[in-house]
Amino acid sequence: QVQVVESGGGLVQCGGSLRLSCAASGSVSDINRMAWYRQAPGKQRELVAVISRSGVRNYGDSVKGRFTISRDNAKNAVYLQMNSLKVEDTAVYYCKVEKPRQVPLLKYEYWGQGTQVTVSS
């Protein structure tokens with residue numbers, strides 16, 4: 001099993017910055033992709049950013065150019081640097097960790113509890 005713990009959420013003014021951290025523990029030897037998702041009230045959960053084990057990054061359209069995802073494989077950690085924050089970035093942010101599964105085309109997914117990010121106007 002994998003445990004996922006997030007930190008760094010809070011209240012920030014519009015235009016400000018915030019850095020989220022996520023650490024995985026337990027059975028972590030074969031972790032591949034790590035990602036950040038978010039969910040605002042009344043909306044579906046959406047992809048924010050994802051990073052492969054080798055460091056290849058992809059971002060959701062709404063955060064491109066403003067957010068940066070990074071990881072430290074030695075620490076089994078993933079980070080999200082959020083700059084130029086907007087009110088619409090307000091959401092609960094979740095960390096997701098993926099592991100391969102023996103069944104072809106399937107994966108194990110482990111989610112953190114979520115951390116609240118609130119951007120004030």
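Values in this document were obtained by computation on a predicted structure and should not be read as measured data.
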S70 and V78: which non-hydrogen atoms are nearest, and at how many Å? O-CG2, 3.2 Å
Is any side-chain heavy atom of L11 closer than 4.5 Å to a side-chain heavy atom of V117? no
To the closest 0.5 Å, what do you measure between SG (C14) and CG (L85)? 8.0 Å
Pair up each side-chain donor or acceptor in residues 33-42 with any protein partner under 3.5 Å, not counting sequence neighbours, and list the distances.
from, atom 1, to, atom 2, distance (Å)
R33, NE, E98, OE1, 3.0
R33, NH2, E98, OE1, 3.1
R33, NH2, E98, OE2, 3.3
Y37, OH, K96, NZ, 3.2
R38, NE, E46, OE2, 2.7
R38, NH1, D89, OD1, 2.9
R38, NH1, Y93, OH, 2.9
R38, NH2, E46, OE2, 3.2
R38, NH2, S62, OG, 3.1
Q39, NE2, K43, O, 3.1

Excluding Y79, membership of its hydrophobic cluster (Ile, Leu, Val, Met, Phe, Trp, Tyr; side-chain heavy atoms within less than 4.5 Å) reads none
Show me the side-chain donor-acceptor pairs of residues 48-60 shorter than 3.5 Å, one per line, residues at least two apart or across chains.
from, atom 1, to, atom 2, distance (Å)
S52, OG, S54, N, 3.4
S52, OG, S54, OG, 3.1
S52, OG, G55, N, 3.3
S52, OG, V56, N, 3.0
R53, NH1, I31, O, 2.7
R57, NE, I69, O, 2.5
Y59, OH, I69, N, 3.0

S7 vs L20 side-chain heavy atoms within contact, under 4.5 Å: no
Partner residues of Y94 under the ring-ring contact (aromatic ring centres under 6.0 Å, His included) criterion, sequence neighbours left out: none
Sequence-distant partners of Q113, side chain to side chain contact (heavy atoms under 4.5 Å, CB included), two or more places apart: E6
Examine distances only and state if a side-chain atom of S84 and a backbone atom of G15 form a donor-acceptor pair shorter than 3.5 Å. no
L105 side, atom CG; K107 side, atom NZ - distance, nearest 0.5 Å: 9.5 Å
V4 and C22, any side-chain heavy atoms less than 4.5 Å apart: yes
Reported CG-to-CG distance for the pair D61 and L47, which is rounded to 0.5 angstrom: 9.5 Å
Considering all heavy atoms of both residues, which atom of V97 and which atom of A24 are nearest to each other, and what is their separation? CG2-CB, 4.2 Å
In Å, rounded to the nearest 0.5 Å, how long is the span from OG1 of T68 to CG of N83? 6.5 Å
Rounded at 0.5 Å granularity, tell me how far OG in S17 sits from CE in M82. 9.0 Å
Under the 3.5 angstrom rule, does the side chain of K99 hit a backbone N or O of Q1 as a donor-acceptor pair? no
Cluster companions of V103 among Ile, Leu, Val, Met, Phe, Trp, Tyr (side-chain spacing under 4.5 Å): L106
